[in-house]
Amino acid sequence: MAWQTYYEERKISSDEAVRHIKSGNRVVIGHACGEPSHLVDALVSHAEDYENVEIVHMVAMGKCEYCQPGMERHFHHNAYFAGARTRDAINTGRGDFTPCCFYQVPQLFHTTMPVDAALVTVTPPDENGMVSLGVSVDYDYEAVMTAGITIAQVNDQMPFTYGKLIPVEKITYFVEHSSPIIQLSPPKIGPVEEAIGAHCASLVRDGDTLQLGIGAIPDAVLNSLKDKKDLGIHTEMFSDGVVELAEAGVITNRAKSLHPGKYVANFLMGTKRLYDFVDHNPDVLVLPVDYVNNPIVIGQNDNLVSINSCVQVDLMGQVASESIGTKQISGIGGQVDFVRGAAFSKGGRSIIAMPSTVKGTTSKIVPMLDVGVTVTTSRTDVDYVVTEYGIAQLKGRSLRERAKSLTQIAHPDFRGELREAFRRRFPDARL
Ligand code: COA
């Protein structure tokens, strides 16, 4: 059958489409800015028809109505990441959280978390009957490949990205609906972030390949890289900051040892500026997360520098990035994937960068992590820690050396307390 015939025959309305989802099903929703909001709205509007539908999602950028109070009989949210609109559900137990390195999520669809239905956003098909998952290929690709049924919102505003296209025959139903792609505004960068950015930039050399997390610190780092040459991108996600450096000729991807000349990511979050940049751009490869974030693949990039952030670091170098006490505030994301990938990379470095305090009142460098905190990056994996006060290089350093250099980059108001706490633990040691 010609792909055009298949596509035409499988076009239905959103109300018809969500009727194919049954009580007790596991439904994977397209990630981050790739969320098919029109389909999710239809699912929620039919909530009364369902009991115990499991909604599996990671960074949820939409309305998240399925996990609000009153929905618990119909939907059970199982998250890989907690965000502003899902934290409450996770921390009250109305929803749930599955700890998992990002690169391993697609594997779960073959093992403990088989997918009954995938809801994704795709572009209209190209002349060969292939659609693009656009800004979120990450786990969406494997969800489509393994799901019992896939319902795709065909959105002509989704940028067409290359790397991993899908033949229309892999999709069960199509719901055509044009709507703006969810956008992420650039963060506000203050003097603290600028200072952190400058310290991180001092660890970046011409020709390095970068992974940057999300938020003010990665953007501040990019601002400090304007004098570098031939930087490359192999990252979990990127945002508008990368476009600026690309247009300034700083990022060329020329020196990359893997995929030279190409930007490699598994999802994208930003404004229309970013989405226009990646649309039909043959230099941008948006690929599944089990490839991009696989530490072995990351390690094939020489001089890979990863930059991520955290909530707390203790004096031994244990990094907590996803919870405040027992409260889950985010997730592992790709932090550990890239910390370990950078360790495999010839000339690689990984940086954990954070402001030294929370709003000036609480030190983020602490003698011991708060009770209940989750260790994201272990002290065995950690490499550099950066604050606005400088750089602590921890890999290959003793506990005493770590405590000393972390104290030196703590906020001055807390350095005395940190030294005191170290002395209590190791009475005969000198810092
Ligand atoms: N104690 C108490 N509260 C703390 C805290 C601490 N030690 N550290 C941070 N917080 C609070 C902040 O005050 C803020 O609260 P608010 O939302 O009420 O203002 C909140 O936690 C988030 O902190 P903030 O520093 O604003 O977050 P961020 O946007 O810079 O993100 C992480 C920081 C750690 C949450 C984020 O980098 C993350 O999720 N990392 C793990 C995943 C990852 O690294 N992925 C990498 C690839 S994208």
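As the structure is a computational prediction, the values presented were derived from the model and not from experiment. Note that ligands are numbered from 1 as they come in the structure, with each ligand's atoms numbered from 1 the same way. Throughout, numbering of the chain's residues begins at 1 and tracks the sequence.
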Exercise for the section: Output, in order, the C-alpha distance, side-chain angles, deciding distance and verdict of ring pair (Phe, Tyr, Trp, His ring centres under 6.0 Å) for His57 and Tyr80. Expected result: CA-CA 6 Å; His57 208 167; Tyr80 300 119; 9.4 Å; no
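Atom 38 (C) of ligand 1 has as its closest protein heavy atom Ser330 OG, 3.6 Å. Looking at atom 7 (N) of ligand 1, its nearest protein heavy atom turns out to be Val311 O, 2.9 Å. Scanning the protein heavy atoms around atom 11 (C) of ligand 1, the nearest turns out to be Ile324 CD1, 3.7 Å. The protein atom (non-hydrogen) at minimum distance from atom 46 (C) of ligand 1 is Asn308 OD1, 3.0 Å. Nearest to atom 44 (O) of ligand 1 among the protein's heavy atoms is Gln335 NE2, 2.9 Å. Closest to atom 22 (C) of ligand 1 among all protein heavy atoms lies Ile329 CD1, 4.2 Å. If you check which protein heavy atom lies closest to atom 1 (N) of ligand 1, you get Val358 CG2, 3.7 Å. In terms of protein heavy atoms, atom 16 (P) of ligand 1 is closest to Lys359 NZ, 3.9 Å.
In this structure, atom 48 (S) of ligand 1 has protein heavy atoms in its sub-4.0 angstrom surroundings. When distances from atom 36 (C) of ligand 1 to the protein are checked, no heavy atom turns up under 4.0 Å. Of the protein's heavy atoms, none falls inside 4.0 Å of atom 31 (O) of ligand 1. Within 4.0 Å of atom 40 (N) of ligand 1, at least one protein heavy atom is present. Protein heavy atoms are found less than 4.0 angstrom from atom 19 (O) of ligand 1.
Taking distance alone, with nitrogen or oxygen atoms compared against 3.5 Å, Gln211 stays at or beyond that limit from ligand 1. Looking at Glu236 next to ligand 1, no N or O pair under 3.5 Å apart turns up.
By the side-chain hydrogen bond (donor to acceptor under 3.5 Å, both in side chains) test, Thr377 pairs with Gln335, sequence neighbours left out. With sequence neighbours excluded, the residues satisfying side-chain hydrogen bond (donor to acceptor under 3.5 Å, both in side chains) with Gln393 are Arg397.
Salt-bridge annotation for Glu420 and Arg423: present, with a side-chain N of the basic residue lying under 4.0 Å from a carboxylate O of the acidic one. Salt bridge absent: Asp381 and Lys395 never bring a charged side-chain N and a carboxylate O closer than 4.0 Å. Using a 4.0 Å cut-off between a side-chain N of Lys or Arg and a carboxylate O of Asp or Glu, Asp230 and Arg254 qualify as a salt bridge. Salt bridge annotation for Arg273-Glu244: present, with a cationic side-chain nitrogen under 4.0 angstrom from a carboxylate oxygen.
In this structure, Phe238 and Tyr263 have tilted ring planes: the angle between them lies in the 30° to 60° band. In this pair, Phe102 and His31 present their aromatic rings perpendicular. The plane angle is above 60°, beyond the 30 to 60° band.
Considering only non-hydrogen atoms, atom 25 (O) of ligand 1 lies nearest to Lys364 out of Met354, Arg87, Lys364. Distances from atom 45 (N) of ligand 1 to the heavy atoms of Ser321, Gly334, Gly213 put Gly334 nearest.
Not close to ligand 1: Thr362, with no non-hydrogen atom less than 4.0 angstrom away. For the ligand labelled ligand 1, residue Gly215 lies outside the 4.0 Å heavy-atom shell. The shell of residues lying under 4.0 angstrom from ligand 1, judged by heavy atoms, excludes Glu322. Ala320 does not count as a contact of ligand 1, since none of its heavy atoms falls under 4.0 Å from the ligand.
Distance check, rounded to the nearest 0.5 Å: CG of Leu212 to CG of Leu225 gives 7.5 Å.
Within the listing of ligand 1, atoms 41 (C), 42 (C) sit less than 4.0 angstrom from a heavy atom of Gly331. Applying the 4.0 Å criterion to heavy atoms of Cys310 picks out, from ligand 1, the atoms 34 (C). For ligand 1 and Ile332, the ligand atoms under 4.0 Å from any heavy atom of the residue are 42 (C), 43 (C). Near Gln312, the atoms of ligand 1 lying under 4.0 angstrom from a non-hydrogen atom of the residue are 7 (N).
A side-chain donor-acceptor contact under 3.5 Å links Thr92 to the backbone of Asp88. Remark: side-chain polar atoms of Asp279 are not paired, donor with acceptor, to backbone N or O of Tyr275 under 3.5 angstrom. Using a distance-only test at 3.5 Å, with no hydrogens or angles considered, a donor-acceptor pair links the side chain of Glu401 to the main chain of Ser398.
Between Phe267 and Tyr139, a ring centre-to-centre spacing not shorter than 6.0 Å is recorded.
At most 12 heavy atoms of other shown residues, nucleotides or ligands fall within 6.0 angstrom of atom CZ in Arg379.
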